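Structure first, commentary second.
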Amino acid sequence: MKAVKRIKYLIPFLFLSVFACKKTNPAIPAIQMSQMPLKGGDSWSYAVTNYPATHTDTAVYQIANAMSVFGATVTYYTTTTIKGTVVDSGTINSGTPSITYTSDNGVQTYAGSGLFDNWILTFPISAGSSWSASGGTIKVIAASASLSVGGNNYNNVYTLLRTVITPGGMVNDTMLIAPNVGIIKYDGFPLVSYHLQ
């Protein structure tokens, strides 16, 4: 009878240990700020779904060739296009140790609009990292040596969870990043191709 009780208490511990080990691999190298591509002309294409999910388009997020420098912060200007039409514009502010994404449209109103709005990446990013972000927190919830997204394989991928407090309650969204590629998935929108200068 005592053996049964011990096993009863041991099973949940083993279950949690196995799943915790699969989620975050501390052996994955940290992503450094220098491993996030930020050059004029860099572009990433994402499969985006409109609301209420009746069709999928490709949104192209591109860094324009224009940029400005103010002290230690470099501001890159971005556009998001679908079928050649600009649906959003914004900025990426890069200053040690963080990168901040801002969208002119703010909250996503339709597919491709508002990509990455108010996301802040603080480097280095490693297993167990967490930091404050506009009205909430961002934390690493998984690290994978290899992961397939949109039919492409990426190495040393980190999954980030952002939790923001809004008047309507907590809102969560996710971002997957890979070194030397950038954002490979954002809130269900997978990267399908990219072009780096």
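The shown structure was predicted, so the numbers you read here are calculated from the model rather than taken from an experiment.
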So, do W44 and L196 sit near enough that their side-chain heavy atoms are less than 4.5 Å apart?
yes

How many angstroms lie between CG in D42 and NE2 in H195, if you round to the nearest 0.5 Å?
7.5 Å

With heavy-atom distances below 4.5 Å as the criterion, would you say the side chains of L38 and I63 are in contact?
yes

CD1-OG distance between I125 and S130, expressed to the nearest 0.5 angstrom:
11.5 Å

Validation row: T56, V48 side chains within 4.5 angstrom (heavy atoms):
no

Which atoms form the tightest heavy-atom contact between M33 and S94, and what is the distance?
CE-OG, 3.0 Å

In sequence, state the C-alpha distance, the side-chain angles, and the governing distance for F123 and M36, and then conclude on side chain to side chain contact (heavy atoms under 4.5 Å, CB included).
CA-CA 10 Å; F123 297 89; M36 290 298 286; 3.4 Å; yes

For the backbone of G114 and the side chain of D117, can you confirm whether one donor and one acceptor N or O come within less than 3.5 Å of each other?
no

Give a yes or no answer on whether the side chain of T81 reaches the backbone of G84 with a donor-acceptor pair at less than 3.5 Å.
no

Y46 vs F116 aromatic rings, parallel, tilted or perpendicular, using cut-offs 30° and 60°?
perpendicular

Could you tell me the separation between the CG atom of N152 and the CD1 atom of I184, rounded to the nearest 0.5 Å?
9.0 Å

Check whether any side-chain N or O of N156 sits under 3.5 Å from a backbone N or O of P29 as a donor-acceptor pair, and report yes or no.
no

Are any non-hydrogen side-chain atoms of L191 and I183 less than 4.5 angstrom apart?
no

Non-hydrogen atoms of W131 and L121 that approach each other most closely
CZ2-CA, 4.0 Å

With a 3.5 Å distance limit and no angle check, can you tell me whether R162 reaches the backbone of N118 through a side-chain donor-acceptor pair?
yes

Does one side chain, of S103 or D88, offer a donor that lies under 3.5 Å from an acceptor on the other?
yes

Has the side chain of S193 got a donor or acceptor atom that lies under 3.5 Å from a matching backbone atom of S45?
no

I'd like to know if the side chain of S68 pairs up with that of Y77 as donor and acceptor (distance under 3.5 Å, no hydrogens or angles considered).
yes

For a quick check under 3.5 Å, do T73 and N93 share a side-chain donor-acceptor pair by atom type?
no

